[in-house]
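The basis for the numbers below is simple: all heavy atoms, side chains too, and nothing from hydrogens, waters or symmetry mates.
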Amino acid sequence: MSGHQSWFDLNLGISALKYIGEIKNGNLTAEEFISKTIERIQKVDSKLHAYLSINEQAVEQAKSIDKKIKAKENVGACMGMPISIKDNICVKGTKTTCASKMLEDFIAPYDATVVSKLKAEDTIIIGKTNLDEFAMGFTTEFSAYGPSKNPWNTEYVPGGSSGGSAAAVSALECIASLGSDTGGSVRNPASFCSVVGLKPTYGLISRYGLISYSNSIEQIGPITRTVEDTAFLLNIIAGMDPHDNTTIDNQNENYLNDIDSGVEGKKIGIIKEMTHEGVDKQVSAATNKAISNFEGLGATFEEISLDMVAYSVAAYYIITATEAGSNLARYDNLRYGYDFDSEGYEFNSYLSKARKNFGPEVTRRMILGGFVPSAGHAGKYFLKAMKVKSKLTAQVNEALKKVDMLIAPTVPILPFRFGEKIDDPVALFLVDINTVTANLTEKPAISIQFEISGGLPIGIQLLGKSMQDKMLLQAAYALQNTVKLPEVPI
Amino acid sequence: MTKIGLEIHCQLTNLQSKLFCSCKANYREFSPNTNICPICVGLPGSLPMLNQKAVEKATMISMALNCKTPEKIAFFRKNYFYPDLPKNFQITQFDAYGPTSIGHDGKITIEGKEIRIRRIQIEEDPGRLIYEGTSEKTQIPLVDYNRAGTPLVEIVTEPDFDNPKQVRVFLNILVDLLENLGVSDPTLEGALRADGNVSVEGGNKIEIKNVASFHDLEKAIHFEITRQQSLVERNIPIISETRQWDDRRKITISARKKEEEQDYRYFLEGDIPWVKLNSDHFKKLREKMPESIASKRERYVEKYGITNQVADVLSSDKYYADLFEQSHDEKNAKEIANIITTDLMGFVDTREKRETSKLTHQHLTELVNSIMDNKITRNSAKTALQEMVSTGKSLIEIISEQDLDNVSDESTISSIINEVLNEEANAVQEVKEKPETVNFLVGKVMKKSKGKADPSMTLNILKKKLGIT
C-alpha cells in the first residue's frame, strides 16, 4: 500500500492522519476532498439527516488553503480537513440552533474556543450536525428538525445526543466531528454508529461556546473513525482556556506520541454492575471478546463492584434537570425565539406560552428542574443526588487505585428502531446506565467500535483516571488493532 | 422593641472590569447596550470568568468590617425571572454548605452600640429597566444591559438598630469606610443602595425594597415604624411581607406576602470553581489595605495636636485625608489641617467641584509654608487658594498677578500707618484711652494695604507710635 495510488477513485474513508499525509505528498488537494465530501453529503444526507446546515463557503475555503500550500506559506496542521460540529457549539456567523425551535434563528456572534482552535489549524467546518434538542436524549428523536438515521441501518436510531456527528463521521460525510457528552452523548452514538468517541476528563477541553445543558458534568469530545484521529484532535483542542475557569492545564500533552505503547502489564477492572444485568447477549459476548483480546496483549483483569452505579442514573437526571432548569431559563421568548405578541398576556401566562417552543423532552426536564432543587424538595432529591455523585466518585477513585482503567460495554443494548423507546422515558434513561458514571465522576471515557452483530454496531468503553486520557487512548488503540470491521453499508 | 436590619449593596466602582467579563465596571458613560459582550448578556455558550480583583476588594471590605473569612469561597446561582437579568439567574454567594461567602460574623461599633454584620457576599448587578412613554398605559419598558455584571458586594446586618438615627449614623460611617478603602465611589449614582427590614414589639418582620437613596431609607424606616406601631395599638396583626417604598407618596406599599416568596432554587455555580483564599491572600491584602479612618483620626490628634473636631472631618473624608497626607510635614501639619477644614472646604464641597478642581498637594504645601514664613497673609492665602482651585496656577504666579505678597517692609507699613493715624483722629484718641480697641486701627491699615500688610508687624509699629503696650 502506498500513497501513490491513483486518486481517480478518491477515498473519503481515510483517516485524518492519512488525509494530511496525502495533502503533504501532493496526492490530494483540499478542494478535491471538500468537493467530493459535499457530493457525498448531497447523496446520502437526504437519507441520514446528519446535518442541520452546511457551510456554503467550504469549497472557496479549500481553494484558499490549497493556494497557501502551493505557495509554501504557513498552513495549519489540519490542511483543509472537513470537520463537522454539533449544533450546540457556536461557530461565528452561523446558525447554532441546538436542534430547538427556541434558537431557530440564533446566529452565534462568536466562535467557541474549540472552533477557533480548529480554524487556526486550517480545518474546514463543513457543517453543523443534528442532535436531540439541547442535547437531551439518546436517539436524536428529540431534534425539533427530525431525527438522524443510523448509517448501518436507517431504520435504527444513530444514538444521541450527538447522533448527527456520529452518523456523519460513520457515513464518510466528514473526517471527524465534535460532539458534547453530558451523560454519554458522544460515546453512545459513537457506539451505535461504529466510530470512536471520547468524553475527556472534565476540564480538559474548554466549554466556552458550548451551549450549556448541564455545565458541571459535560464536556466537548471528538468523534472520529480511528483512535489516532481522536488523539490528533485532542492535541489541537485540549488545554487551559482563559475563557473557561474550569479548564485544567494539561502541560501541552501530546496524545499521539507513543499511542502504540500497548497494554502489556496494565490492570483493567471489569465493572460488575455494567456487564451482567440488563445487558444484551450479543453485547455481553462482544465485551468478553474484547477482554480476551486485551488479555492476548498482556493486560490482566479483575471484576470490580461499584454499587453506587445503581443510583447513578437517578442522580444524573436530578443533577442535569436542576442545571438545565437554570441554564435554559434564559430562553423565555423575551430574548430568544420571540414569535408572538405579548399583548393580552400577563407575565406568567406569557412565559408558559413562550415555553411551548420547547419540545417534550426539554419540557419534561425543565419541569423536573423546577421541582427537584426547590426549597421543599431539595433535601429529598437534589442534595441526595449530590451525595450519590460524591460517593460514586469515591468508589471509582478507590477502584482506580487498584487498576489502571475500567471496562464495560458503552451501551448495554444493541441499537434499536425508531419509536421503540421514545414514549417510555424511563426505558430510555436506562440506555445511559453505562455512560453517566464517567460524567458524574469527571473521569475520561472512550468508546471504540468493536463488532458488527447482525448488522448492528457494538462499542466497548474504557474509563480511566482523571487526566490520564492518554493512557485510555493507548489502550483503545491497542484494542482497535485487534479487530477488522466491515465498511459502512450506506 | 423596634428592630431594624439592613442589606446594603455596594458597587465596586473602582474596578476596571465587570465581575465576569472584560466590559467596563464603570458603565455610566456608555449609551444604552454598548458596554456589553456575550458573557454579560448571557449569550448561549458564554461562560463567566471571575474577576480576581473583585474578590480582593470584597475581602478588604470583609476585613474592614471585622468579619470572619472562610478558607475557600463558592458561588451559587439564584434563579428567578426578571427582564433585567439576562440569564434569568444571578451569580451570587450563599451559605448552603457552611460559610462560603466572602465574610460572615463581623461587627462595627457606632456611638457605643455594636452592629453585627451577618454576611458579606459578592454578586453581579443586573441590568437596568428604563420606562419610556408619557402615561402609565403607553409606557414601554426598555432594558439597558450596560450595568449587567457590575461587581457588587452585599452587606447584610443583623437587626441590631433601635431607631432610624442609628441607621443614618451607620450608613454615614459605612460610606466613609468604603470610600477610604478605595473600593467604591459613593457619590456615583446607584453605587450604594440599601434595603431595610423593620419589626416592632409583637409584630412580624417587614422588608422594605425599592429605596433609591440612604436619605429615603431613613424616611421609609420612620414610616414603617409608625405604621406598624399603629397596627399593634389597634390589635391588627402584622403579617410578614415585602413592601415597596413609594417615593412619590412617601409611604410603603405591600409588594408580596411572604408565603408567595420566590423559591430561588440556589445551587452551586459549576462554571466557577471554588476559590481558595490562603493566608498569603490575606497577608498581601492586609499590607495593601489603607489605614482605617479611626487610626488616622487618632494619629492626627496625637502626633500633630490637631483638634478632635478637625481630625474627625479630615480623616472621614478620603479626599481631604489624601490631600493632607500628601501635603503635610511635621511642622506645617496643623496649619494644613486648618486650611483644609476651613478655607478649602467651601471650594470643593461637591463631587463636581472636586473633579474640576486643579488644586494639587504641592499647592497646599507651598501656600501653608508661605503663610508660616509670613510671605503671605491668611487673608491673601484664601484668595490664592480659590485661584489655585480654579486655575491651577502656582502661588508665585498668583502673587505676582494679584499683587498678594505680604508687605513686611517697616517703612512702607510705617507710612501707611501714618496716613491712617491722620485720617482716624477720633479712633486714635479712643485707643490711647482704651488700648484694647487698637484692632480697629490694625483693620484700617490692613484695608488700606489691601490685606497685604503683615498683621503682627503692623500691631507692633502702631503700639510704638501710640505709646501703648
Among the options A:Gly209, A:Ser326, A:Cys90, pick out the one with the most heavy-atom pairs lying under 4.5 Å from chain B. A:Ser326
Of the non-hydrogen atoms in A:Glu218 and A:Ile211, which two are nearest, and what is the gap between them? OE2-O, 4.3 Å
Which bit of A:Leu383 comes within less than 4.5 Å of chain B, counting heavy atoms only: side chain, backbone, both or neither? side chain
Applying a strict 4.5 Å limit to non-hydrogen atoms, the region of A:Ala375 in contact with chain B is both
Pairing of A:Arg364 and A:Glu361 as salt bridge, 4.0 angstrom limit: yes
Option passing side-chain contact (heavy atoms from CB on, under 4.5 Å) with A:Asp241 (candidates A:Asp244, A:Asn245, A:Ile237): A:Asp244
Between A:Thr246, A:Thr96, A:Asn215, A:Asn88, who has the most heavy-atom pairs with chain B when the cutoff is under 4.5 Å? A:Asn215
At a heavy-atom separation under 4.5 Å, does A:Tyr208 approach chain B through its side chain, its backbone, both, or neither? both
Counting heavy-atom pairs under 4.5 Å with chain A, which one of B:Ile272, B:Leu50, B:Leu43, B:Ile39 comes out on top? B:Leu43
Using a 4.5 angstrom heavy-atom cutoff, name the option from A:Ser216, A:Pro109, A:Gly325, A:Pro373 with the most pairs to chain B. A:Pro373
Does any heavy atom of chain A fall under 4.5 Å from the side chain of B:Phe20, the backbone, both, or neither of them? neither
Between B:Pro48, B:Ala96, B:Pro86, which shows the greatest number of heavy-atom pairs under 4.5 Å with chain A? B:Pro86
Candidates B:Glu154, B:Glu123, B:Lys78, B:Glu124 - the one meeting side-chain hydrogen bond (donor to acceptor under 3.5 Å, both in side chains) with B:Thr92: B:Glu123
Chain A contact via B:Pro44 - side chain, backbone, both or neither, heavy atoms under 4.5 Å: both
Any ion pair linking B:Arg77 and B:Asp271 (charged N to carboxylate O, less than 4.0 Å)? yes
Using ring centroids (six-membered ring only for Trp), state whether A:Phe134 and A:Tyr331 fall under 6.0 Å. yes
State, to 0.1 Å, how close A:Lys86 and A:Ser162 come at their nearest heavy-atom pair, and which atoms those are. NZ-OG, 2.9 Å
